[in-house]
Amino acid sequence: MDRNAHAPLRQRLLSWFILLLGGLYFFVPLIATIDFSLRARKGVLSALAYQRVLSDPRFASAFTFSLEMALLTVVVGVILVVPTAYWIRLRLPQLRPVVEFITLMPFVVPAIVLVFGLIRVFSRPPFLLTNSFTGTQILLVAGYVVLVLPYLYRAVDTGLQAIDIRTLTEAAQSLGAGWWVIITQIIFPNLRSAILSGAFLTITIVMGELTMASFLVGLKAFGPYMSQVGQNRAYEGAALAVISFALTWAFTMLFQFVGRRALGGDQAFGAR
């Protein structure tokens, strides 16, 4: 009896211990990076490295460009993934293993292989997308969509699993709703938490992505810019890492807040 009575306490202590280890693993490197970034001036703690980074005009342009690419990737990925995952769960469950295998391919195919494939295919007629900056941006967003597909698809698929899409669909159809209304006014609102989770992962991945951005747009993207600064200036590189971490989280939280406000408070269970 005493052993059973102490079991919940041991489980709680173990949970707190694991949480503490995770917190240390996350915060200790961050604190060390912040401390190093403040030592650009010998003998005293100084924000000199941050001043140098923020005064660099390339910082704002690179961060803004990557943020725009991240938001476009979220939009394109959601438009592609949500109807696909919904239709597979509703009508084609036998294809689910095939789609899951396809979404796992980015884990198998390295980003360097993907970007070289994009450049080789789309740098010759009839496409020639690499001949213009707009075309290169399209390629970059397409590559990012493939790169984040495993995370975005599983976030949406988990959200679909949590709701009864068959009942919602049949109820909407009985009221005369078409597929466009079902997708936009019923499925999307019920998946907002899953979509926001996928968007959060997408933004964090795209903002720090290096390989594809280096070959397609170079220093215009934030990842290659961070890499160049880190190679040439140690203190500024550490400061840039801290700033990018803070800004990425700030924009992600803002994006999540705006998304929740736009979609309403509690989760809806049907068209309103």
Side-chain angles (χ1 to χ4, degrees), residues 33 52-54 56-81 84 101-155 198-234 236-249 251-252 255:
T33 303
R52 291 173 178 172
V53 170
L54 294 176
D56 187 353
R58 295 182 302 167
F59 166 76
S61 62
F63 186 87
T64 303
F65 175 83
S66 288
L67 184 62
E68 291 174 355
M69 295 297 100
L71 295 179
L72 285 174
T73 303
V74 169
V75 173
V76 175
V78 168
I79 292 175
L80 176 66
V81 168
T84 302
F101 174 77
I102 294 174
T103 59
L104 288 175
M105 290 303 293
F107 288 144
V108 180
V109 180
I112 186 68
V113 176
L114 176 60
V115 70
F116 270 115
L118 291 173
I119 293 173
R120 184 174 180 82
V121 172
F122 294 98
S123 62
R124 60 183 65 183
F127 304 107
L128 292 177
L129 291 181
T130 56
N131 286 3
S132 64
F133 185 65
T134 301
T136 305
Q137 289 178 294
I138 294 173
L139 281 183
L140 187 62
V141 171
Y144 283 160
V145 170
V146 175
L147 203 63
V148 304
L149 197 59
Y151 311 98
L152 190 57
Y153 177 81
R154 269 148 192 79
F200 172 81
L201 292 172
T202 299
I203 292 174
T204 54
I205 291 171
V206 171
M207 292 301 297
E209 202 281 326
L210 174 64
T211 305
M212 298 184 66
S214 296
F215 283 94
L216 288 175
V217 295
L219 294 177
K220 292 183 180 295
F222 196 60
Y225 170 71
M226 284 185 60
S227 177
Q228 187 201 47
V229 173
Q231 291 175 3
N232 299 326
R233 294 175 288 175
E236 286 78 1
L240 182 57
V242 175
I243 293 173
S244 65
F245 175 83
L247 287 177
T248 301
W249 272 82
F251 276 103
T252 302
F255 177 70

> Taking it one step at a time, do V145 and L80 satisfy side-chain contact (heavy atoms from CB on, under 4.5 Å)?
CA-CA 9 Å; V145 170; L80 176 66; 4.2 Å; yes
> Distance check, rounded to the nearest 0.5 Å: R120 atom CZ versus L118 atom CG?
13.0 Å
> Which distance, rounded to the nearest 0.5 Å, do you find between the CG of L149 and the OG1 of T84?
9.0 Å
> Using side-chain heavy atoms (C-beta onward) and a distance below 4.5 Å, is M105 in contact with V146?
no
> Check for a donor-acceptor pair, side chain of S66 on one end and backbone N or O of F63 on the other, with a separation under 3.5 Å.
no
> Is there a side-chain contact between M207 and S244 in this structure, where contact means two heavy atoms from C-beta onward sitting under 4.5 Å apart?
no
> Ring centres of F65 and F222 under 6.0 Å apart?
no
> Does a side-chain heavy-atom distance below 4.5 Å link T136 with L129?
no
> For a side-chain contact (heavy atoms from CB on, under 4.5 Å) check, start with the C-alpha distance between R233 and L240, then their side-chain angles and the critical distance, and finish with the verdict.
CA-CA 10 Å; R233 294 175 288 175; L240 182 57; over 6 Å; no
> Would you mind reporting whether V76 and V141 have side-chain heavy atoms less than 4.5 Å apart?
yes
> Could you pull out all residues at least two apart from R154 that satisfy salt bridge (Lys or Arg N to Asp or Glu O under 4.0 Å)?
none
> Could you check whether any side-chain heavy atom of P224 comes within less than 4.5 Å of a side-chain heavy atom of L210, counting everything from C-beta outward?
yes
> Dump the intermediate steps for side-chain contact (heavy atoms from CB on, under 4.5 Å) on F122 and L128, then the final yes or no.
CA-CA 5 Å; F122 294 98; L128 292 177; over 6 Å; no
> When you look at I112 and F215, which way does the side-chain contact (heavy atoms from CB on, under 4.5 Å) test go after all the steps?
CA-CA 9 Å; I112 186 68; F215 283 94; 3.2 Å; yes
> Quick one: pull up CG in L71 and CD1 in I203 and give me the separation to the nearest 0.5 Å.
5.5 Å
> Working to the nearest 0.5 Å, report the span between CD1 of I138 and OG1 of T130.
12.0 Å
> Would you name the heavy atoms of A111 and L147 that are closest together and state the gap between them?
CB-CD1, 4.3 Å
> To the nearest 0.5 Å, tell me how far I119 CD1 sits from L216 CG.
5.0 Å
> How far apart are the C-alpha atoms of Q228 and R58, what are their side-chain angles, what is the distance that settles it, and do they pass the side-chain hydrogen bond (donor to acceptor under 3.5 Å, both in side chains) test?
CA-CA 11 Å; Q228 187 201 47; R58 295 182 302 167; 2.9 Å; yes
> So Y144 and L72, do their side chains get closer than 4.5 Å, heavy atoms only?
no
> Please determine whether the number of non-hydrogen atoms from other residues, nucleotides or ligands lying under 6.0 Å from atom CZ of F101 exceeds 12.
no
> Does any part of the side chain of E209, heavy atoms only, come nearer than 4.5 Å to the side chain of T211, both counted from C-beta?
yes
> Does the plane of the ring in W249 sit parallel, tilted or perpendicular to the ring in F200? Use 30° and 60° as the thresholds.
perpendicular
> For residues F59 and I243, determine if any side-chain heavy atom of one lies less than 4.5 Å from a side-chain heavy atom of the other.
yes
> Specify the closest pair of heavy atoms between T204 and L201, including all atoms of both residues, with the distance to one decimal.
OG1-O, 2.8 Å
> Provide the closest heavy-atom pair for T103 versus Y153 in the form atom of the first, atom of the second, distance.
CG2-CG, 3.8 Å
> Quick one: does NZ or CZ of K220 land under 6.0 Å from the six-membered ring centre of F133, within 45 degrees of the ring axis?
yes
